[in-house]
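In what follows, a single structure is set out as structure tokens and then discussed.
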Amino acid sequence: MKTEIRADLSELSSGVDFIGSALRKKKVSKKETAKSIVMAEDVLARMIEAAGNSDEKIRIETGGAFGNVYVRMHANGEAFGIDEIENKMYFIEQDQDDVEANNVIKRLIDNLFRDSLSVKNERGINKVKMGVHRSPYATLIVTLLALVLGIGVGFLMQKFVPSDISGFISKNIFSSVYDVFMSALKLIVGPLVFFSVASSIADFSDLRALGRIAIKIVAMYLLTSMIAIAVGFFTYQVFPIGDTSLVNAVDADAAADTIAKGEGADLSIRDTLVNIVPSDFVTPFQESDMLQIIFMAVVIGLAAAAISVKKPGIKQGLSSMNMLVSKLTSIIVTFIPLIVFCSMAKMMINMDLGDLAGVIKWIPVIYVGDILMILVYGIILLLFTRLNPITFFRKYFPAMISAFTLSSSNAALPTSVKMCDNIGVANRVYSFSLPLGATINMDGSCITLIISALFFARIYGINVTSGVIFSLALSIMLLSVGSPGVPGGNLVCIALIIPQIGIPAEAISLILGLYPIVSMMQTCVNVTGDATVTTVVAKHEKLLDLEKFNSK
């Protein structure tokens, strides 16, 4: 919808009425409509003032796509900024005799304008865009479209484009774009985790409450990991896949690179605990060692909380850096649909479809285990919180899709944070729980590890006793906390585990080509487990906004 008004204060009410009517026709909520009208009134007043000539026209347009709604306004005039509108509103509303009330008003105004308004002047034309409603499913829809398109393009290229041309495109275009994005994520994930955890801990005035929350989170993560191993074992008992004839298909050379990545890794509890403490501040960020980064963040966050009374600037500095890094992350995340397209197209071009015939059953069995685990999360939410699991999954689903397509818990972390905020979890909980979970809570990986180990045991004719199961479960629990920080980490974990029960590490060559398909679903389960635990703990600590959780 479009309209024009004269740049005259007498026309102000007409412009505001048009915006209100247009938003109501788009079925925008009363709360968002009221907020937008307040903002639009002040923006139009400033545009009229900037125009300086009542004969000028202000063009007003409402629109949107994928559930998003916006208002745009264009008019000739001198340049102005958002801060001028904020300051004007603050000046009008403030009470000179009540400092506390002024601070409250300032926070309300900041919240009103935060990420909702953009103002720019191009060649003497002021262009204003107001974000009225942001659909949590907009990114999901675009990402799903990118996923389907990527699979289709990759499949068609593999079938109908000469292999040298498709390989060139895959390597120089799809892989290059994907690698640039992953490098950007590696650059930002370490600082994001560090400042998110540190600022979250620094905000706690009650360190006892922090300790209680941390213990609950870790305990729940351990519980869900044990349940995941049990679910994986149960799934394999129902679908006992594996054929001894597959031994002949093992390719030692194909598995050599993956095995080499795991050399030097140790499954001992002692080494896992000792390696949490870094020897310097820089190396953990260079190596993306999340356990060490989280350790440093916890220590610095506790120190900042302890001296916050005397030195509040330190806590404010951590909070400011967290906002800065979060903003950078949100910019990077906007490119996710493009990366999903490139990732899916590259996978389809490079996949040897002939490999599917040999161990095809391995994929659906793991998917069944993963789906069962997601159902278990719903039961956990129902039993521990009495919350509606359908509401939880409906609101968190965009993060699940993001994790599925990116195949990386760390890469999906920004989207997971956003969706937990949308669910109503307090920042102080999810900013600590989610980065920790992305490091130590790998429920989907646990399912993949136990099913894969049993699958290989059947191929090699290994008798799986209760002692073997206990040994596998213990190793898997350790690896879920301190898995090697290398590409294809879960494949490395499989190569580390199976020799313990008499299976050569080279056996993983059977699943190398198919692993990317499994990796997507296991990552989806990993991040869903993190969010489930976060929601449960937040509900028990009364740090869950139930109105926001139940809102549509």
Next on the checklist: Quick check for you: to the nearest 0.5 Å, what is the distance between Ser471 atom OG and Ile476 atom CD1?
Outcome noted: 9.5 Å
Item to check | Main-chain N/O of Ala412 paired to Ser416 side chain as donor or acceptor, under 3.5 Å | outcome: no
Checklist entry - Within a strict 4.5 Å, meaning less than it, do heavy atoms of the Asp545 and Phe549 side chains meet? => result no
Next on the checklist: Quiz question: by atom type and distance under 3.5 Å, do the side chains of Ser551 and Lys395 form a donor-acceptor pair?
Outcome noted: yes
Checklist entry - Between Met477 and Leu222, is a side-chain contact (heavy atoms from CB on, under 4.5 Å) present by the stated rule, with each step listed? => result CA-CA 8 Å; Met477 287 292 292; Leu222 292 175; 3.9 Å; yes
Checklist outcome for this item: Closest non-hydrogen atoms of Gln237 and Leu454, given as atom of the first, atom of the second and distance, are NE2-CD1, 4.4 Å
Next on the checklist: Is there a side-chain contact between Phe456 and Ile501 in this structure, where contact means two heavy atoms from C-beta onward sitting under 4.5 Å apart?
Outcome noted: no
Next on the checklist: Any non-hydrogen side-chain atom of Leu544 less than 4.5 Å from a side-chain atom of Leu387?
Outcome noted: yes
Next on the checklist: Measuring from atom CD1 of Ile374 to atom SG of Cys524, what distance do you get when rounded to the nearest 0.5 angstrom?
Outcome noted: 4.5 Å
Checklist entry - Side chains of Leu543 and Arg428: closer than 4.5 Å at any heavy-atom pair? => result yes
Item to check | Ile349 to Ser166 - nearest heavy-atom pair and separation | outcome: CG2-O, 3.9 Å
Checklist entry - Just one of Val536, Asp443, Ile227, Val533 clears the side-chain contact (heavy atoms from CB on, under 4.5 Å) bar with Tyr377, so which one? => result Asp443
Item to check | Sole residue of Thr534, Val537, Val298 in side-chain contact (heavy atoms from CB on, under 4.5 Å) with Phe432 | outcome: Val298
Next on the checklist: Quick check: closest heavy atoms across Val464 and Ala457, and the distance to 0.1 Å?
Outcome noted: CG2-CB, 3.8 Å
Next on the checklist: Between Arg212 and Glu541, is the side-chain contact (heavy atoms from CB on, under 4.5 Å) condition met? List the steps.
Outcome noted: CA-CA 9 Å; Arg212 185 176 65 250; Glu541 292 295 321; 2.8 Å; yes
Item to check | Non-hydrogen side-chain atoms of Leu413 and Val417 separated by less than 4.5 Å | outcome: yes
Item to check | Selection residues 218-238 - residue pairs positive for ring pair (Phe, Tyr, Trp, His ring centres under 6.0 Å), sequence neighbours left out | outcome: none
Item to check | Thr535 side chain to Tyr430 side chain, donor-acceptor N/O pair below 3.5 angstrom | outcome: no
Checklist entry - So, for Leu382 and Pro389, which heavy atoms are closest and what is the spacing to 0.1 Å? => result CD1-CD, 4.1 Å
Next on the checklist: Side chains of Asn441 and Thr224: any donor to acceptor distance under 3.5 Å?
Outcome noted: yes
Checklist entry - What's the verdict on side-chain contact (heavy atoms from CB on, under 4.5 Å) for Val518 and Trp362, showing C-alpha distance, side-chain angles and the deciding distance? => result CA-CA 9 Å; Val518 165; Trp362 177 70; 3.5 Å; yes
Next on the checklist: Could you check whether atom CG of Leu383 has more than 12 heavy atoms from other residues, nucleotides or ligands sitting under 6.0 Å from it?
Outcome noted: yes
Checklist entry - Taking atom CD of Glu547 as the centre, does the number of heavy atoms from other residues, nucleotides or ligands within less than 6.0 Å exceed 12? => result no
Item to check | Ile451 side chain reached by Phe239 side chain, heavy atoms, under 4.5 Å | outcome: no
Checklist entry - Are Thr532 and Tyr396 close enough, and set up right, to give a side-chain contact (heavy atoms from CB on, under 4.5 Å), and what steps lead you there? => result CA-CA 10 Å; Thr532 300; Tyr396 190 72; over 6 Å; no
Checklist entry - For the atom pair CZ (Arg386) and NZ (Lys539), what is the distance rounded to the nearest 0.5 Å? => result 9.5 Å
Checklist outcome for this item: The reported gap from OG in Ser452 to CD1 in Ile366 (rounded to nearest 0.5 angstrom) is 4.0 Å
Next on the checklist: Between Ile447 and Thr235, is there a side-chain heavy-atom distance shorter than 4.5 Å?
Outcome noted: no
Checklist outcome for this item: Closest non-hydrogen contact found for Phe174 with Ala345 is CE1-CB, 3.6 Å
Next on the checklist: According to ring pair (Phe, Tyr, Trp, His ring centres under 6.0 Å), who are the partners of Phe194, at least two apart in sequence or on a separate chain?
Outcome noted: Phe281, Phe285
Item to check | Donor-acceptor pair, side chain of Lys418 and main chain of Ala399, under 3.5 angstrom | outcome: no
Checklist outcome for this item: One should read off an interatomic distance between Met442 CE and Ile440 CD1, to the nearest 0.5 angstrom, of 9.0 Å
Checklist entry - So how far is it from Asp280 CG to Met296 CE, rounded to the nearest 0.5 Å? => result 8.0 Å
Checklist entry - Would you call Leu156 and Val161 a side-chain contact if the rule is heavy atoms closer than 4.5 Å? => result no
Next on the checklist: For Ala403 versus Val527, what's the shortest heavy-atom pair and its separation?
Outcome noted: CB-CG2, 3.4 Å
